[in-house]
Novice: 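Here you go, one structure.
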Amino acid sequence: MPKAKFFTNQEIAEILRNIAAAYEVKGEDLFRVAAYQRAAASVEHSTSQLKDLWDEGKLDEVPGIGKSIASYLDELFRTGKVKHFEQVMKALPPSMFVFEKIPGVGPKRALELVQKLNITSEKGAVKRLKKAAKEGKVRVLEGFGEKLEEDLLAGIEALEKGELKTARMPLYLADSLARELIAYLKKNPKVVEAHPLGSLRRMLATIGDIDISVSTENPKEVMEYFFKYPKIKKVVSKGEEALGRVVLESGQQVDIRLSLPQRYGAMLQYFTGSKQHNINLRSYALGKGLSLSEYGIKKTKVKKAEIKAYPTEEEFYHDLGMEWIPPEIREGRGEIEAAERTAQGKADGLPDLVELKDIKGDLHLHSNFPIEPSHDLGASSFEEMIRTAEELGYQYLGFTEHNPSVSQHSLQQIIDLIRKKSVLLEEISYSSERAVKKRGKKIPIKIFNGLEVDINPSGELAIPEKAFQYLDYAIIAVHSSFGLNREKMTKRVLQGLSHPKAKILGHPTGRVIDVREGYELDWDKIFDFCLKKGKFLEISALPNRLDLPDFLVREAVEAGVKLAINSDSHEASQIALLKYGVAVARRGWTEKKNVINTLPLNKLSDILF
DNA sequence: GCCGTTTTCGGCCCGACTGTTTTCAGTCG
């Protein structure tokens with residue numbers, strides 16, 4: 001078989017969007033246009049690489065990709081191009097698709113500008129458009145005016161400066177910006193409630209724009225208050241009482257949507273999405289003769305039917321005949337059917353998702369103990385991290401620094417360093433036990449002596465056999481040679497996992513968000529091995545990893561594999577980031593029983609050792 | 001072009017906002 005071409009999800013999404021735009025200006029059926037747009041968005045938001053899915057023959061499992069688009073993408077991966085797409089694009093000037101990237105310019109205006117200003121080639125197109133706008137040649141075009149010309153210039157400048165945030169922000173950043181803004185909003189007594197919406201409420205690994213909903217009886221007043229938020233750089237859109245849109249000083253776009261309390265539930269539901277969830281929910285409702293909107297539910301068969309309003313989401317879902325669905329799983333992946341089964345008291349309904357409060361300990365921490373590691377050392381001491389964990393009410397902690405670097409140390413030095421750490425940890429454990437006995441109350445936090453050990457390309461672990469005697473357990477992980485093919489990588493990982501002390505496979509796909517794709521593994525084999533040999537897969541809560549990704553979490557859970565949700569903290573303050581790992585778990589339909597560090601200490605010890 | 005608990009045909013979300021317009025078109029989410 002000839003070598004396949006690689007296209008990123010982003011590139012594929014752009015191709016599909018361009019096809020949609022081409023169809024739109026050609027006056028094609030708007031539903032076909034929408035279908036391509038939907039497919040593009042779905043590809044963009046897909047948590048796995050389409051190339052991988054294509055390899056596995058699973059392209060049509062992506063929502064919005066059916067027979068036709070799948071076959072076009074197949075052609076794309078095999079040959080690097082799609083004849084049909086080239087046909088569609090043939091008559092259209094390439095500059096059109098460049099102009100479309102300017103905010104406020106869609107396919108129609110883009111084509112209009114291209115034709116009226118006669119800028120057809122892609123090269124220098126934006127510069128020529130800018131010049132034309134500056135010379136007042138845009139405002140005289142039909143349908144354009146002074147303001148649009150001004151906006152166009154501003155848009156071009158933003159594009160040139162690279163200010164258009166196409167890149168999505170990491171979840172923790174969106175989460176913290178939103179929290180800060182919500183805290184500000186709630187200071188206003190007219191604000192009844194405020195929540196994040198969209199992908200942030202569903203806790204995706206990366207977030208496009210921040211959307212916030214507000215419940216209030218005084219929308220105008222609250223809207224004015226919102227625009228006074230000190231961190232706003234620019235107001236983009238100034239609705240009176242429904243929608244406000246701003247850009248923060250830090251560059252992120254924030255939308256705020258206001259609603260009266262009596263219909264807040266429907267609004268919250270509507271804008272939480274996902275799009276696919278809402279589409280499925282709407283068609284489900286239509287089957288029952290109901291039509292959904294952000295304002296509520298109305299009967300389709302009754303003329304001039306009144307819209308029934310819903311103060312809460314729970315009531316909204318209940319009226320549709322289903323249980324309330326946690327936002328994290330509203331992705332159009334069977335949750336509606338599951339919620340219906342739950343409401344009917346049947347088995348196999350919604351999962352009882354794991355919660356942060358279920359977590360009893362963290363098994364992956366990097367202290368600043370000078371173990372002279374191959375990778376980054378932590379920044380906080382054992383004591384600092386233990387204190388933080390105690391504040392969180394944890395029962396146990398595992399210190400798992402990286403193994404001492406192999407190139408810088410002799411085997412004996414590696415053994416000595418690991419022993420030294422175990423001696424020190426024992427002292428700390430002993431003295432804290434003694435202190436507690438004296439005060440006589442709480443059980444002290446149990447400290448495990450672990451290590452994060454590299455799996456060498458050969459599958460060997462990076463510390464000598466003798467060093468393992470000092471460890472309670474090892475998290476093993478791939479930190480080098482990411483380029484091995486799927487077969488070799490799977491063999492490597494399985495061999496690493498077969499060591500009796502190797503209990504947890506750390507950040508299993510090796511992905512770093514926006515930096516590198518993970519390597520490929522034969523997940524069926526990995527799941528099978530974990531299940532048979534009592535090994536566990538990690539969900540690393542590190543904001544730029546969130547690995548396992550949610551879709552693999554769901555597969556692991558369905559296969560019966562148990563998970564460990566760890567913070568992988570490199571300083572004490574990061575321990576609290578574990579909540580993002582819980583979010584990933586929830587998105588993967590994980591229940592408490594699927595997670596080993598929800599177990600109390602004695603039960604955990606039973607399965608870990 | 002996609003999709004399926006009324007459907008393999010016939011549906012497919014639509015409202016807010018803005019600018020250019022005198023009642024609407026384009027963009028966006």
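Residue numbering restarts at 1 for every chain, and letters A, B, ... go by the order of the sequence lines. Here the structure is a predicted model, which is why all the values come from computation and not from measurement. Computed from heavy atoms alone, side chains included, the values below leave out hydrogens, waters and symmetry copies.
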Novice: So, A/Gln269 and A/Tyr310: side-chain donor and acceptor under 3.5 Å apart, yes or no?
Specialist: no
Novice: Quick check on salt bridge (charged side-chain N to carboxylate O under 4.0 Å, His left out): which of A/Glu100, A/Glu44, A/Glu11 does A/Arg17 satisfy it with?
Specialist: A/Glu44
Novice: Scan nucleotides 7-11 of chain B against the protein and return all N/O pairs shorter than 3.5 Å with their distances rounded to 0.1 Å.
Specialist:
none

Novice: Can you sort out which residues in residues 56-69 of chain A have a heavy atom within less than 4.0 Å of DNA chain B? Ascending by number, please.
Specialist: A/Pro63, A/Gly64, A/Ile65, A/Gly66, A/Lys67, A/Ser68, A/Ile69
Novice: Decide side chain to side chain donor-acceptor pair (under 3.5 Å) for A/Gln276 and A/Ser274; before the verdict, give the C-alpha distance in whole Å, the side-chain angles of both, and the deciding distance to 0.1 Å.
Specialist: CA-CA 5 Å; A/Gln276 196 56 49; A/Ser274 67; over 6 Å; no
Novice: Taking the C1' atom in each of B/dC2 and B/dT8, what is the distance between them to the nearest angstrom?
Specialist: 12 Å
Novice: Can you tell me the distance, in whole Å, between the CD1 atom of A/Ile336 and the C1' atom of B/dG4?
Specialist: 13 Å
Novice: For a quick test of reading the model: is some side-chain N or O of A/Tyr295 closer than 4.0 Å to OP1 or OP2 of B/dA16?
Specialist: yes
Novice: To the nearest Å, give me how far apart CG (A/Asn280) and C1' (B/dC12) are.
Specialist: 13 Å
Novice: Which atom names give the shortest non-hydrogen contact between A/Leu200 and A/Ala174, and what distance separates them?
Specialist: CD2-O, 3.8 Å
Novice: Taking pairing as Watson-Crick or G-U wobble with both contacts under 3.5 Å, can you name the mate of B/dC28, or confirm there isn't one?
Specialist: B/dG15
Novice: Give the B/S/- string for nucleotides 19-29 of chain B, one per nucleotide from 5' to 3', where a protein heavy atom under 4.0 Å of the base yields B, of only the sugar-phosphate yields S, and otherwise -.
Specialist: SS-----SSSS
Novice: For A/Tyr225, does the six-membered ring have the charged nitrogen or CZ of A/Lys190 within the cation-pi criterion, i.e. under 6.0 angstrom from the centroid and within 45° of the normal?
Specialist: no
Novice: Which one of A/Phe7, A/Trp54, A/Phe85 satisfies the ring-ring contact (aromatic ring centres under 6.0 Å, His included) criterion with A/Tyr72?
Specialist: A/Phe85
Novice: Expressed in angstrom and rounded to an integer, what is the separation of A/Leu30 atom CG from B/dC12 atom P?
Specialist: 14 Å
Novice: From B/dC17, B/dA16, B/dG1, pick the nucleotide closest to the side chain of A/Ser237?
Specialist: B/dC17
Novice: In this structure, how many angstroms lie between the C1' atom of B/dC13 and the CZ atom of A/Phe31, rounded?
Specialist: 9 Å
Novice: Please give, in whole Å, the distance from B/dC13 P to A/Ile307 CD1?
Specialist: 17 Å
Novice: With nearest nucleotide decided by heavy atoms, which residue, A/Gly239 or A/Ile279, maps closer to the 5′ end of DNA chain B?
Specialist: A/Ile279
